[in-house]
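Each chain gets a letter, A, B and so on, in the order its sequence line appears, and its residues count up from 1.
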Protein chains: 2
Amino acid sequence: MRQTVFIFSGIAISILVVFELSKYSMFGSQGSRELFVFLFAIAFILIGIVLQRFLTKPPASETLEVNREEAIKKSGLSKQEFTVLTLMAEGLSNNEIANRLFIQESTVKSHVSNILMKLDAKRRTQAVKIGRDLQII
Amino acid sequence: MRQTVFIFSGIAISILVVFELSKYSMFGSQGSRELFVFLFAIAFILIGIVLQRFLTKPPASETLEVNREEAIKKSGLSKQEFTVLTLMAEGLSNNEIANRLFIQESTVKSHVSNILMKLDAKRRTQAVKIGRDLQII
DNA sequence: TCACACCTCCTACTTTCGTAGGAAAAATGG
DNA sequence: CCATTTTTCCTACGAAAGTAGGAGGTGTGA
């Protein structure tokens, strides 16, 4: 990818240089004006680069959100299970999750077991990892 | 890849066209010349924006690497401890980590305990979370 | 060379996690 | 309304994880 970019950049620049040189040989006095145009163009390219750098901040948040919703559905996790998964990812224990959600620890254990089954994980750490890989978390 | 080729081909052609036009318009009336300069500037700003978009794909990998190294040092984790942490983040059990590193599970437990102390975590899941927050993982 | 961090390993113990196998009340979708 | 899912909860057990405290070997910087 990057290689391609450089190659084509090089080609574009080469073409411009050849054009400039050809103009010099053809028009003579016209040359300084052409050179000015050339520098002018480069200046505005730089301006464009700077603009792009400042205007490009939020990169595709909607698409990610949509994918996340879909991924959650595909994973087969229910609402509460997903909630438990996110709290697991926060590093909470079953007990802490129970307190956070106002349910019993035994309930949390049930959810965790279901999560492990649905995500095909053996441990909660692995479930979190899989959740991350699925962009769910 | 193909997209990139087309885009850069387009850029090259655009540049040539604009240059060609510039030759003719240079000799036109004063008004159209100013209009041309305006469009010319905008065109090259757009070119700059596109260039920036394609050249800014690998965004600061070195800086991130440096920060990561620093963060690891700041966390106080040793080499092996860091290795164990990354394997924990992969969702591996102590036993699996031991097999992966060709050391005993008891050794892994020692490392894990040290990691938890150094990262001020109570569980391995929390250690992983903290490691992520510190851009270590 | 000596202190010190690091890596390795151990036992014994406590705690947390996860499984198995229920059960019953809500919620939800036809 | 009925079937299904979801959520809630339980006990009891086994499996990991984590703690405490020790110990020996290696390497490194002062």
**Q** Tell me, with the steps shown, if L116(B) and Q126(B) meet side chain to side chain contact (heavy atoms under 4.5 Å, CB included).
**A** CA-CA 9 Å; L116(B) 297 185; Q126(B) 199 181 353; over 6 Å; no

**Q** Quick one: side chain to side chain contact (heavy atoms under 4.5 Å, CB included) partners of E105(A), sequence neighbours excluded?
**A** N94(A), N95(A), A98(A), K109(A)

**Q** Closest approach of L119(B) and A127(B), non-hydrogen atoms and distance?
**A** CD1-O, 3.7 Å

**Q** Hey, are E96(B) and R123(A) close enough for a salt bridge, meaning a charged N less than 4.0 Å from a carboxylate O?
**A** yes

**Q** Are T107(B) and Q104(B) linked by a side-chain donor-acceptor pair shorter than 3.5 Å?
**A** no

**Q** For V108(A) and L101(A): C-alpha separation, side-chain torsions, deciding distance, then whether side chain to side chain contact (heavy atoms under 4.5 Å, CB included) applies.
**A** CA-CA 9 Å; V108(A) 176; L101(A) 300 181; 5.6 Å; no

**Q** How far apart are the closest heavy atoms of I97(B) and L92(B), and which atoms are they?
**A** CG1-CB, 3.8 Å

**Q** Tell me, which of residues 71-97 of chain B have any heavy atom that sits under 4.0 Å from an atom in DNA chain C?
**A** S78(B), K79(B), Q80(B)

**Q** For DNA chain D, what residues of residues 99-116 of chain B have any heavy atom nearer than 4.0 Å?
**A** K109(B), V112(B), S113(B), L116(B)

**Q** A side-chain contact here means heavy atoms from C-beta on lying under 4.5 Å apart; do V112(A) and V84(A) qualify?
**A** yes

**Q** Give the residues of residues 121-133 of chain A touching DNA chain C, defined as any heavy atom closer than 4.0 Å, sorted by residue number.
**A** R123(A), R124(A)

**Q** Under the rule for side chain to side chain contact (heavy atoms under 4.5 Å, CB included), what residues qualify as partners of I72(B), not counting sequence neighbours?
**A** F82(B), I136(B)

**Q** Reading DNA chain D from 5' to 3', where do the contacts with chain B start and stop? Cut-off is 4.0 Å to heavy atoms.
**A** dA17(D) to dT19(D)

**Q** Mind checking the CD1-CD spacing from I137(A) to E90(A)? Nearest 0.5 Å is all I need.
**A** 9.0 Å

**Q** Has the side chain of K129(B) got a donor or acceptor atom that lies under 3.5 Å from a matching backbone atom of G91(A)?
**A** no

**Q** Do M88(B) and I115(B) make a side-chain contact, defined as non-hydrogen atoms from C-beta onward lying under 4.5 Å apart?
**A** yes

